[in-house]
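Comments concern the structure below.
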Amino acid sequence: MRLLVTGCHDRRYSVDDRKIRELGYAPRVPFPGGLARTVDWYRDNPQWWKPLRQELSAAA
């Protein structure tokens, strides 16, 4: 699988959450903190993702 790299942010893929917030939704974790925790998890758990990466490389 190949992805087109455009070299810039494509706003077509941004999320507008105004309507769901009007219904009472609020994220439990602020985006910056959630992103940092996600990056930390992947950094700390290579045994989970490395085999997946190797499978993708072998299939290419």
Side-chain angles (χ1 to χ4, degrees):
M1 178 169 126
R2 297 197 184 256
L3 300 175
L4 176 63
V5 177
T6 61
C8 61
H9 178 69
D10 192 335
R11 297 195 187 279
R12 292 178 295 177
Y13 302 113
S14 64
V15 175
D16 181 353
D17 65 351
R18 284 181 287 189
K19 290 187 184 233
I20 197 166
R21 285 181 184 265
E22 288 172 6
L23 296 172
Y25 168 80
R28 287 185 253 161
V29 177
F31 182 78
L35 181 59
R37 285 176 51 193
T38 300
V39 170
D40 289 345
W41 187 90
Y42 277 94
R43 186 194 61 229
D44 295 341
N45 293 281
Q47 73 281 1
W48 184 87
W49 59 265
K50 276 191 177 182
L52 299 173
R53 188 170 132 193
Q54 290 167 350
E55 285 179 33
L56 287 173
S57 294

side-chain hydrogen bond (donor to acceptor under 3.5 Å, both in side chains) partners of residues 51-60, not counting sequence neighbours, each pair once = none
Contact list for residues 24-42, test side-chain hydrogen bond (donor to acceptor under 3.5 Å, both in side chains), sequence neighbours left out | D40-R43
What residues, two or more places apart in sequence or in another chain, satisfy salt bridge (charged side-chain N to carboxylate O under 4.0 Å, His left out) together with D44?
-> none
List for me each residue that meets side-chain contact (heavy atoms from CB on, under 4.5 Å) alongside D17, sequence neighbours excluded, and say none if there are none.
-> I20, R21
P46 meets the side-chain contact (heavy atoms from CB on, under 4.5 Å) criterion, sequence neighbours left out, with W49, K50
